[in-house]
Amino acid sequence: MKKYIGTKMVSATPAIRKGGKVYLPTDEIPKSMEPVEEGYKVVYEDGYESWSPKDVFEKAYKVAETPLDRVNIECAEVRERCDKLGQFIHNQNDGKDYQALPLGIRAMLLAQLHAMCAYSNLLDLRQSCMEGNEECRPWGLSFEQILPLLREGFAIRRNGWNGKGLMVFKQVPAHIDGTIIPNMQSLPQSAKDQIMKHTGFIDYTSQCLIYNSQTGQADSWVPSISDVFANDWEVVTE
């Protein structure tokens, strides 16, 4: 026989079963010598109703009534998977089982572990904000975690930068045609002449600026190696 994992949404309420009949807490329960079984009355999406023993139900299902409930479930599941994969890579048989795998598989598993742990970190941060009823502000992130936000237009910065008011953002790709180029203040005349002599337009693509909100100064920006390996990236929210 094969093993299966099922996923389904149900509605349930604590209930007991006595003499083969299910009673809710509000029901009048008959007095008899028959044993009482604790459990849940379960209603499936198609309306089918059943009864499940307490230990069986609570092992299979977690409360998912609110967004926080669902985040809690996901946090626990991702954390468990990270722990299992980390144990296999670093600890199982002193790591020899992992090292015996082909190079490509080892690389993929290690990349998977780091991606899962990064995702777990984001979930934990969101969970903490929701539990404290706080505004969710991404902070303490690695460069690979903050990069999608930079790509999508968020202003970002490192907490460890010495300069106050510094932030980085990606410029929006733009097509600058020949009617605009002669009036551009950001280009010297020689550059304008060369552009108009050749293509006659500029296509701005992937460019980032580091901007000083106190002085208004902006410079082109590429991450340094310390930026790439830092874990203090955050989204600018104020």
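Position 1 is the first residue of the sequence; numbering continues from there.
Between atom CZ of residue F169 and atom CG of residue L150 there is a gap of 10.5 Å, rounded to the nearest 0.5 Å. If you take CG on L209 and NZ on K170, they are separated by 11.0 Å, rounding to the nearest 0.5 Å. Separating the CD atom in E131 from the CD atom in Q127 is a distance of 4.5 Å, to the nearest 0.5 Å. Distance check: N212 CG to D219 CG gives 9.5 Å after rounding to the nearest 0.5 Å. Note: S52 OG to E37 CD = 11.0 Å, rounded to the nearest 0.5 Å. Annotation: the span from N72 atom CG to E74 atom CD amounts to 10.5 Å, rounded to 0.5 Å.
The cluster map of Ile, Leu, Val, Met, Phe, Trp and Tyr, joined by side-chain heavy atoms under 4.5 Å apart, puts V222 and V228 in different clusters. At a threshold of 4.5 Å between side-chain heavy atoms, the hydrophobic network of Ile, Leu, Val, Met, Phe, Trp and Tyr places F154 and F143 in one connected group. No chain of hydrophobic side-chain contacts below 4.5 Å, direct or via other Ile, Leu, Val, Met, Phe, Trp or Tyr residues, connects I146 to L123. No single ILVMFWY cluster, assembled from side-chain heavy atoms under 4.5 Å apart, contains both V236 and W139.
The backbone N or O of Y23 sits nowhere less than 3.5 Å from a side-chain atom of K18 that would complete a donor-acceptor pair. At distances below 3.5 Å, at least one donor-acceptor pair connects side-chain atoms of S213 with backbone N or O atoms of G165. Judged by distance alone, the side chain of D27 and the main-chain N or O of I29 form no donor-acceptor pair under 3.5 Å. Not one N or O on the side chain of H90 forms a donor-acceptor pair closer than 3.5 Å with the backbone of G86. Side-chain atoms of D94 never come within 3.5 Å of backbone atoms of K96 as a donor-acceptor pair (strictly under, hydrogens ignored). Judged by distance alone, with hydrogens and angles left aside, the side-chain atoms of D97 form no donor-acceptor pair with the main-chain N or O of N93 at under 3.5 Å. Between the side chain of D124 and the backbone N or O of N121, no donor-acceptor pair lies under 3.5 Å.
The neighbour count for Q171 CD, taken as heavy atoms of other residues, nucleotides or ligands under 6.0 Å away, is above 12. Enclosure of atom CG in D46 by more than 12 non-hydrogen atoms of other residues, nucleotides or ligands within 6.0 angstrom is indicated. Around atom CE of M196, more than 12 heavy atoms belonging to other residues, nucleotides or ligands sit under 6.0 Å away. Few gaps surround CD on Q99; more than 12 heavy atoms of other groups in view lie less than 6.0 Å from it. Summarising the local packing, CD of E65 is surrounded by 12 or fewer heavy atoms from other residues, nucleotides or ligands at distances under 6.0 Å.
Scanning for salt bridge (Lys or Arg N to Asp or Glu O under 4.0 Å) contacts around K192 gives an empty result, with sequence neighbours left out. For A174, the side-chain contact (heavy atoms from CB on, under 4.5 Å) partners at least two apart in sequence or on another chain are I176. Under the rule for a ring pair (Phe, Tyr, Trp, His ring centres under 6.0 Å), Y204 has no partner lying at least two apart in sequence or in another chain. Checked against side-chain contact (heavy atoms from CB on, under 4.5 Å), L109 has the following partners two or more places apart in sequence or in another chain: L85, F88, I89, Y98, L101, I105, Q112. Under the salt bridge (Lys or Arg N to Asp or Glu O under 4.0 Å) criterion, R151 pairs with no residue, sequence neighbours left out. In terms of the side-chain contact (heavy atoms from CB on, under 4.5 Å) criterion, residue partners of T199 (sequence neighbours excluded) are, by chain and number, I195, F201. Legend: residues meeting ring pair (Phe, Tyr, Trp, His ring centres under 6.0 Å) with Y61, ordered by chain and number and at least two apart, are F57. Considering only residues two or more places apart in sequence or on other chains, M130 meets the side-chain contact (heavy atoms from CB on, under 4.5 Å) condition with P67, L68, V71, R126. Every residue two or more places apart in sequence or in another chain that forms a salt bridge (Lys or Arg N to Asp or Glu O under 4.0 Å) with K84 is listed here: E80. Every residue two or more places apart in sequence or in another chain that forms a ring pair (Phe, Tyr, Trp, His ring centres under 6.0 Å) with W161 is listed here: W233.
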Checking side-chain hydrogen bond (donor to acceptor under 3.5 Å, both in side chains) for the pair D193/S190: CA distance, chi angles, key distance, verdict?
CA-CA 5 Å; D193 293 341; S190 59; over 6 Å; no
Stepwise, does the side-chain hydrogen bond (donor to acceptor under 3.5 Å, both in side chains) test hold for D83 with Q87?
CA-CA 6 Å; D83 290 343; Q87 286 291 328; over 6 Å; no
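Here the closest heavy-atom approach between residue V22 and residue A15 is recorded as CG1-CB, 3.8 Å. Contact detail for Y44 and S50: the closest heavy-atom pair is CE1-OG, 3.3 Å. Nearest heavy atoms, P14 versus L24: O-CD2, 4.2 Å. A pairwise comparison of heavy atoms in R70 and A64 identifies NH1-O, 3.0 Å as the closest pair. Residues L125 and P138 approach most closely at CD2-CA, 3.8 Å, considering heavy atoms.
Residues K54 and Y40 are in side-chain contact: their nearest non-hydrogen atoms beyond the backbone lie under 4.5 Å apart. At least one side-chain heavy atom of Q214 sits less than 4.5 Å from a side-chain heavy atom of K164. Counting heavy atoms from C-beta outward, L110 and R106 have side chains that stay 4.5 Å or more apart. Using a 4.5 Å heavy-atom threshold, the side chains of Y119 and C82 count as separate. Side-chain atoms of L141 and L122, non-hydrogen and from C-beta on, do get closer than 4.5 Å to each other. Side chains of V63 and I73 form no contact here, defined as non-hydrogen atoms less than 4.5 Å apart.
The salt bridge (Lys or Arg N to Asp or Glu O under 4.0 Å) analysis of residues 224-238, with sequence neighbours excluded, yields the pairs R137-E234, R157-E234, R157-E238, R158-D227, R158-D232.
Through direct or relayed side-chain contacts under 4.5 Å between Ile, Leu, Val, Met, Phe, Trp and Tyr, V172 connects to no other residue.
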